[in-house]
Amino acid sequence: MAHVIPYIAAIQEAIREEMERDERVLYFGQNMATSPDDPFLKQFGPARVRVTPISETAEIGMATGAAMAGFRPVVELYMAEFLLVAADQVVNEGSRFHFMSKGAVTVPMVLVAGYGFTYGWAGQHTGSIYGMFMGVPGLRVAMPSTPADAKGLMTTAIRDDNPVLFFHHYLLALTEGEVPDGEYAVPFGVADVKRSGSDVTVVATGNTVHSALAAAETLAERGVSAEVIDPRTIAPLDVDTILGSVARTGHLVVVDQATRHASAAAVIAAEVAQKGFSSLQAPISLVTALDSSIAYAEPVESFVLPDEHKIVAAVGETLGLAPLPG
Amino acid sequence: MATGYPTDDGALEAPAPERLVWMYTQMYRIREFEERVKSTFTAHPGVIRGHTHLADGAEGSIVGSIAALAPGDQILTSYRCHGYPIALGTDTKAMMAEIYGRSTGLCGGLGGSMHLFDPARGFLGGSGIVAQHLPHAAGAAWAAQIRGAGQAVVCFFGDGASKQGAFHESLNIASLWKLPVVYVMENNHYQASTRSDQEDANAAAGEPLAVKATAYSMVGITVDGTDPVAVHATVAAALARARAGEGPTLVESLVYRLSAHGNLIAPPGVPLHYPEHEAVAIFGNQAEYEAALRGDPVPRFRHRLVTDGVLDALDADALEATVREEIDEAERFALESPLPAPDSGLAYVYA
């Protein structure tokens, strides 16, 4: 059985169910659980649910320490950029400890952060910075595009024995979708084919999955069959599913809200260029943000971001079709 | 192993004579171990790679603090971390093998001198980045608070760490949440190559660094870190407060690091060694350094125990000989141990 809830509620549902299942799961962060009426605080109490000061280094560092001491903390960071305030704690502490200790300690923690809030939030709160974490050994990086994936990936994140960065997309927060009832886990490193097709493979993450699906719809009206793949986690990255698709379609377009050289798309393209070169009938095309910060004013904001029309145009170019008006 | 618990009336018991001998033994073991690490740079060039930091001069502070722990307590440390696990009972053979990068090392040669871990004995690890383990200690203390079994955490760091944001964020939240943690700042008066008064506003104003605790409404106390008995009493009292739900304490333990910050940092081809202490090498203050050597806490504590009749001089000689044999064996074991298989690290990237 399933129920329909918003993406953001699906994340909360997974956290709540895991907290019910496992009393070692803690949930804390800024601006949460400030009132005794907070549902998490009411259900799980102040030992496990706490509001913190604006101290990202302490929040993430404490999660690391509590994890080493046997708990499974979930830290609500709100915005991805706030991870950068505590960059050492994200990439150079907990992610190293299992390795440096030859497995003597584990750091099962989840850092929850929203990204890509391109809705007038301007230069410092809109970044798509997941790419900088996907190559950090010891870290896992999940970025769901649907409510069901949001629930299933959060469940897996909490159960994983490694530090997990869970990036939810702010523009998807209120989008509704079917979510399985009860325990539901989506495995890491397993891409999902969001739409099957035979002419071109379009790989996209987060909110751009929906742009890619809209583009695929437009392309279908013009006789082009696009397959849309969502890796769902970029660390681990399911390269095999992408290679298998490209082996059938011969064409690859990778969509990413990050700037080109900081994107997961560049890594995906490199993997396919090396391992799937003989399948490719045309150069790989990347549809990414232009190399700019995100502007406050709407037309400037939109100009740099990937969208459905840019994806349609890139597919047309890759397939050598006459220019398709978006 | 614990001593120094509050008695029913709240007073602290002084360590029993055998406990004082235990403390001296641990101080001597740490010193001998680190002297052997230091001599390895010349006796076996190339065996120790990278950067290694010694705690000679801080043995009294280390052992006095560790002696105050109870079973189930946990510690976290900076990268100057050899002494604590030695006092906790970690095998010195495995530790030396780790520092020599061998497969038999405590962490299979994957961690090295700065990254020792022994969670089975309560040692949750040493972070190589200044002050970044202070929030880890707060987190472990939060875990202890939730478990509610009266356990506490002791976090060791240098005075340099108190200039990091992680220090201030951690003390604030530890005090706010009344976490059972004791922050032991070993103030050796030098950061890597600067004197405290060059970078610490309190030091420049002539104040103890323990005053930083005042900003976070927690107890701050300064203790002579060369005296293990004084450190023991101070840390034991702080642990008693922590266990009683009265929150954290900042203990400023005054020590003098007798070696340079670390061995020479040099590119391949330059033999590594321990340079002269910064007091001499940078500031030309030979008199200060020689005074510190005369105050060396290890022979001083031996002298005190012998003078007080706690330890017979011949017994002291005997225990020192036993320790030297232990460290000889640790060195031999480490030298004879194989290097790890090149691909051994790939098994430990993810849990």
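Excluded from the calculations below are hydrogen atoms, water molecules and symmetry mates; all remaining heavy atoms, backbone and side chain alike, are included. Letters A, B, ... are given to chains in the order of the sequence lines, protein chains preceding strands, and every chain is numbered from 1. Predicted model only: the values in this text are computed from it and were never measured.
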B:Tyr350 side chain vs A:Leu139 backbone, donor-acceptor pair below 3.5 Å | yes

Pick whichever of A:Pro163, A:Gly65, A:Pro137 has the most heavy-atom pairs under 4.5 Å with chain B.
-> A:Gly65

With side chains defined as the heavy atoms from C-beta onward, is the minimum distance between A:Phe97 and B:Leu124 less than 4.5 Å?
-> no

So, do B:Trp142 and A:Arg50 sit near enough that their side-chain heavy atoms are less than 4.5 Å apart?
-> yes

Indicate the atoms forming the closest heavy-atom contact of B:Arg147 with A:Ala69, along with that distance.
-> NH1-O, 3.3 Å

For atom CD of A:Gln124, is the number of surrounding heavy atoms from other residues, nucleotides or ligands below 6.0 Å larger than 12?
-> no

Stepwise side-chain contact (heavy atoms from CB on, under 4.5 Å) check, B:Leu110 with A:Lys102 = CA-CA 6 Å; B:Leu110 302 180; A:Lys102 199 188 174 191; 3.9 Å; yes

Contact class of B:Leu116 relative to chain A, heavy atoms under 4.5 angstrom | neither

Pick from B:Gly148, B:Ser127, B:Ser344, B:Ser170 with the largest number of heavy-atom pairs that fall under 4.5 Å of chain A = B:Ser127

Taking everything shown except A:Glu20 itself, do over 12 heavy atoms lie less than 6.0 Å from its CD?
-> yes

Please flag which part of A:Val85 lies under 4.5 Å from any non-hydrogen atom of chain B: side chain, backbone, both or neither.
-> neither

Out of curiosity, B:Glu169 CD to A:Thr52 OG1, how far, rounded to the nearest 0.5 Å?
-> 9.5 Å

When only pairs under 4.5 Å are counted, which of A:Ile54, A:Asp160, A:Asn92, A:Thr64 shares the most heavy-atom pairs with chain B?
-> A:Thr64

Within a strict 4.5 Å, meaning less than it, do heavy atoms of the A:Met68 and B:Leu76 side chains meet?
-> yes

Should B:His133 and A:Glu93 be marked as a side-chain hydrogen bond (donor to acceptor under 3.5 Å, both in side chains) after you check the CA-CA gap, both sets of side-chain angles, and the distance that decides it?
-> CA-CA 8 Å; B:His133 62 296; A:Glu93 301 290 331; over 6 Å; no

Structural part of A:Ala104 lying under 4.5 Å from a heavy atom of chain B = both

Please examine the side chains of B:His115 and A:Arg96, heavy atoms only from C-beta on, and report whether any two atoms are closer than 4.5 Å.
-> no

Got B:Val349 and A:Asn162 here, is their nearest side-chain heavy-atom distance under 4.5 Å?
-> no

Of the backbone (N, CA, C, O) and the side chain (C-beta and beyond), which part of B:Gln132 lies under 4.5 Å from a heavy atom of chain A, both, or neither?
-> both

Trace of the side-chain contact (heavy atoms from CB on, under 4.5 Å) decision for A:Met62 with B:Trp177 = CA-CA 12 Å; A:Met62 287 177 68; B:Trp177 290 12; 3.7 Å; yes

Flag yes if more than 12 heavy atoms outside B:Arg49 fall under 6.0 Å of its CZ atom; otherwise flag no.
-> no

With a 4.5 angstrom heavy-atom cut-off, which part of B:Leu134 approaches chain A: side chain, backbone, both or neither?
-> neither

Has A:Glu23 got more than 12 heavy atoms of other residues, nucleotides or ligands less than 6.0 Å from its CD?
-> no

Backbone of B:Ala351 reached by a side-chain donor or acceptor of A:Asp161 within 3.5 Å = no

Got A:Ser55 and B:Ile173 here, is their nearest side-chain heavy-atom distance under 4.5 Å?
-> no

In terms of heavy-atom proximity below 4.5 Å to chain A, should B:Asn172 be classed as side chain, backbone, both, or neither?
-> side chain

Is there a side-chain contact between B:Pro135 and A:Ile60 (heavy atoms, below 4.5 Å)?
-> no

Would you mind checking which part of A:Thr106 comes under 4.5 Å of any heavy atom in chain B, side chain (CB onward), backbone (N, CA, C, O), both or neither?
-> side chain

Considering only heavy atoms from C-beta outward, does the side chain of B:Phe117 approach that of A:His98 to under 4.5 Å?
-> no

Check each atom of B:Ala138 against the heavy atoms of chain A and say whether the ones under 4.5 Å are side chain, backbone, both or neither.
-> both

Under 4.5 Å from a heavy atom of chain A, the part of B:Glu98 involved = neither

Among B:Ala143, B:Ala120, B:Gly105, which has the most heavy-atom pairs under 4.5 Å with chain A?
-> B:Ala143

